[in-house]
Chemist: 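Mind having a look at this structure? Questions to follow.
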Amino acid sequence: MRASFQEELEALEASIQEEGALVLRVLRSALNALARGDDELADEVIGFDDEVDGRYLRIEEGVQSLLARQTPVASDLRLVLAILRVNLHLERMADYAVTVAKLTKLMGGLEVRGEAILSSLEDMGQRCEQMIRVALDAFADRDLEKARSLQDLDELIDRANRRAIEDVLSLGDSPEEREYGLRMLVVSRCVERIGDHAVDIGEQVAYLVTGDFRELTDASHPA
């Protein structure tokens with residue numbers, strides 16, 4: 001019985017890593033669609049949403065089934081709860097990437113292209129990809145130091161987000177430029193939130209390793 005329980009846990013963890021790989025693919029495709037103004041690729045990203053949702057539901061159902069049949073000890077219960085939370089964070093990341101794709105389609109008719117803004121968003125996106133990989137590795141390896149490094153990486157995204165906001169504010173005053181700028185602000189916010197969810201996964205790693213939940217923010221770790 002115990003061996004079966006551990007095998008099911010391992011299978012759920014493997015599913016989390018697979019979901020994470022899919023989220024990375026969705027995010028990269030959304031960023032490429034934005035940079036190229038590629039409506040067809042944006043549609044592919046939107047179509048991926050159902051696949052991510054399906055994986056999310058299968059993991060959630062797997063956890064529910066496991067808990068209905070087993071009574072995990074404290075350390076295993078922490079892992080089960082962490083899997084549930086990481087699963088949710090990954091699904092939310094994909095939702096934000098899909099929003100970026102939808103905004104890309106909405107901007108297709110605008111005769112505006114802010115190269116500086118797009119450059120800042122690509123920088124943010126690459127850093128988000130790095131954060132997701134670090135978060136998934138930290139979760140797989142129970143690596144507290146990697147988890148804690150996510151806060152520093154997130155600060156770099158916040159800086160890039162501030163640059164993107166400045167670039168939007170430097171656009172012209174025509175209605176199209178204003179509409180483009182407002183939509184790009186939403187895109188920037190979506191990418192920033194993806195980074196925040198990666199930090200949240202790091203917090204789940206810390207909870208899993210230490211048994212204590214602490215936010216990985218400067219405010220929660222005073223000098």
Chemist: Do Glu145 and Arg148 sit within salt-bridge range, that is, some charged N less than 4.0 Å from a carboxylate O?
Modeler: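 Between Arg148 and Glu145 there is a salt bridge, with a charged N closer than 4.0 Å to a carboxylate O.
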Chemist: Take atom NZ of Lys105 as the centre, draw a 6.0 Å sphere, and report whether it contains more than 12 heavy atoms from other residues, nucleotides or ligands.
Modeler: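 Enclosed.
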Chemist: Between Glu155 and Arg159, is there a salt bridge with N-O shorter than 4.0 Å?
Modeler: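 The answer is yes: the pair qualifies as a salt bridge.
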Chemist: Within the 3.5 Å criterion, strictly below it, is a donor on Ser174 or Arg178 matched to an acceptor on the partner's side chain?
Modeler: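 Result is no, nothing qualifies.
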Chemist: So, Arg189 and Glu192, do they make that salt bridge, N to O below 4.0 Å?
Modeler: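 Between Glu192 and Arg189 there is a salt bridge, with a charged N closer than 4.0 Å to a carboxylate O.
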Chemist: Between the side chains of Glu7 and Ser4, is a donor N or O closer than 3.5 angstrom to an acceptor N or O?
Modeler: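 Per modelled atom types, Glu7 and Ser4 side chains form no pair under 3.5 Å.
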Chemist: Ring of Phe139, cation from Arg142 - is the NZ or CZ under 6.0 Å from the centre and inside 45° of the axis?
Modeler: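 Flagged: Arg142 positioned over aromatic ring of Phe139.
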Chemist: Is Arg163 salt-bridged to Asp123, going by a charged N under 4.0 Å from an acidic O?
Modeler: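 Salt bridge flag = yes for Asp123 with Arg163.
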Chemist: I'd like to know if Arg28 and Glu122 make a salt bridge, using a cut-off of under 4.0 Å between side-chain N and carboxylate O.
Modeler: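 Salt bridge between Arg28 and Glu122, a charged N being under 4.0 Å from a carboxylate O: yes.
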Chemist: Donor-acceptor pair, Ser29 side chain versus Arg25 backbone, under 3.5 Å?
Modeler: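 Looks like yes, one N/O pair under 3.5 Å.
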Chemist: Does Arg85 come within less than 4.0 Å of Glu203, counting only side-chain N to carboxylate O?
Modeler: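 Looking at Arg85 and Glu203, the cut-off is not met.
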Chemist: Could you tell me whether Glu115 atom CD has more than 12 heavy atoms of other residues or ligands within 6.0 Å of it?
Modeler: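 Atom CD in Glu115 is packed in, count exceeds 12.
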Chemist: Heavy-atom distance under 4.5 Å between the side chains of Phe5 and Leu66, does that happen here?
Modeler: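 Yes, side chains in contact.
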